[in-house]
Amino acid sequence: MRLEYINPFVDSAMDILRTTVTNEINKGELTLRSNIKPMLGLVLIVGITGQATGRVLIDMTQDLGLKIASIMNNEEIKNFDELANSTLTELANMIVAAAATKLHSSGYTFDITPPAIFIGDNLRISDNKIESLIVPLELLNSKLEINVALKEV
Amino acid sequence: MEVNLEKMDFKNILEYQKDYKESYNKKKEIIEYDFKIVSFKLGKEYFGIDIMNVKEIKKIRRNDITRVPNTLNFVKGVLNLRGEIISIIDCETMFHLEEEKTDDKTIDKNKILPIIVIKLDNLKLGLIVNEIQRVIPLRKKDIQPPSPLLGTINEKFIKGVAEINQRLYVIFDTDAIFSDKTTAKREVLQQVADFSEDYFIHFCNQLEELNSIHINDVNKLKIRNLYKEYIADKNIKELTSLDNVTAQKIMNNFYSNHNGEFWNQPYVNHFKDTVLNELKNICSEEVRVLIVGCGGGYEAFSVYFILQDFFEDSIIKMTAADSNLSTISKASGLECEKKEIPSWININKYFMKIDNNLYKIKKEINSKIYFEFHDARNISSYHKTFDLILARDLSIYFSNSEYENFIKEVTKQLIEGGVIIIGDNEQLGKSNGLSKINNKNLTLYKRIKG
């Protein structure tokens, strides 16, 4: 992962989550991973093209997803209905778009794809041998992982 | 001796008689032996002990030996010999003459072991040997003093070497080795123990823990040398605990030349002489370089400057990776004092002055190097090829299998004829597709077909 790419993603994730969800977010140590471990239960995915290609995965438990959706909508949401899903995909969109904007201002051009949401138990995602940056966050007493993989073209 | 009377004149007869007498006496001497030795085999070699020191020869079962906890590795235990307790010592282990043991770890408990019980003043010991041979009579003059070249057993514990029927027998000085009275015993025990594998392993474990590193086949040789230097320097005779500072100091001797600083002469010239010669044959328009574990970036910039000066018209494409985010962040946008920059570097071409004494790498140079947050364990995720790869001192961050895998993967990313440089003190075993380039100062390998 190119050094210049790291901070925009970390910063925008923190900024967006702070303003939309909660102020109390703890950031863990950034690590690298090349194999994908089982997902927590809810995955948001946004593709990236441009200077480099790749994707961003935002991984959390289904409970945390519902909590975030509830906070963002200012009402209690108990199921993954249309509203919950579109709220969460919008969150992913905001995070990645903010990062892309930051990167653009430092001279790297990126486009992002519309986000998608995956919900299920025992989710596994595999992408062929790509090293990804893991930004582990903790909010609302739950874990949330941002997984960024970019490959220079 | 025959006397040829025809050829002799009488004047010489007396002298001949004298000679004859002398030679007769000599003959008589041959028959008179001075002492006898009991000969036995340890490993593949033959040894002897003065029979006067031997009390008896016995065969025992392995089961008869009672093991004693917390003893040195060559003390096998104690044996009840007709009511008397004697210690049993395995001579092969003690003198490091073990034959390579097969992987079969099952110990035959009923195995018959030949032992020689020796008596020294007030001490009885049982020595386990490989095979007891026979009693051999010897004269003192048959024994030649031990050669200092006898590496396995310390010179002072050997009475000498005798040749019998074209076989060499090393004769032990049992008093010197086992006697309680002299200090020799302590010395031999400790000397054996100091260099024993157990002590070395203990030393390695401490180094690994304190420096959070891995010691593996690639770097073990150097670590062993550092260990020997350490104990020789400190005159250490027992298991010691290392502290943080010492462990750090020891490891500082492991790192390659110019670790954490700009490269300087003569290392730069060694690099130029070997590496540039190779690269010249394979690179024309661009030179693709990968630096794995670039740390603070000094190594990356040093190599960049050398290549840029040499391949003036080519594009240098350099990727520098490290898994430590904070050091690599400092590497991009490196700042340093003037005294840190050696004279071979064109300071005006590559640096800009930002303060009185502070220099910074020019931005256009910096942007040519692709600094990357990357863990070398995931090296297979690179889908690029390179002409030159530097991975100095990386082995200490990997376990054996991880490093093997790393070399395997990194080899794939090297073009044919490309060069990989590993740490000065590292040594690769057999690896597919790489052939060593002989050089005294750098450890480097060239990618070959296969």
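In what follows, every chain begins at residue 1, and chains take the letters A, B, ... in the order their sequences are listed.
Crowding of B:Asn357 atom CG: a count of heavy atoms from other residues, nucleotides or ligands under 6.0 Å exceeding 12. Annotation: A:Lys143, atom NZ; neighbour count of heavy atoms from other residues, nucleotides and ligands within 6.0 Å does not exceed 12.
Heavy atoms closer than 4.5 Å to chain B are found in both the backbone and the side chain of A:Leu3.
The side chain to side chain donor-acceptor pair (under 3.5 Å) contacts involving residues 73-88 of chain A comprise A:Asn73-A:Thr87, where partners must be two or more places apart or lie in separate chains. Sorted by first and then second residue, the side chain to side chain donor-acceptor pair (under 3.5 Å) pairs with a member in residues 9-29 of chain A read A:Asp15-A:Lys102; sequence neighbours excluded. Pairs of residues two or more places apart, or lying in two chains, that qualify as side chain to side chain donor-acceptor pair (under 3.5 Å) and include a residue from residues 325-338 of chain B are B:Asn324-B:Ser326, B:Glu337-B:Lys339.
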Handout entry: From CA spacing to verdict: side chain to side chain contact (heavy atoms under 4.5 Å, CB included), A:Ile130, B:Asn378
Key = CA-CA 8 Å; A:Ile130 183 165; B:Asn378 308 331; over 6 Å; no
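Annotation: residues 358-376 of chain B contacts chain A through B:Ser367, B:Tyr370, B:Phe371, B:Glu372, B:Phe373, B:His374, B:Asp375 [non-hydrogen atoms, separation under 4.5 Å].
Distance check, rounded to the nearest 0.5 Å: CE of A:Met1 to CD1 of B:Ile328 gives 12.5 Å.
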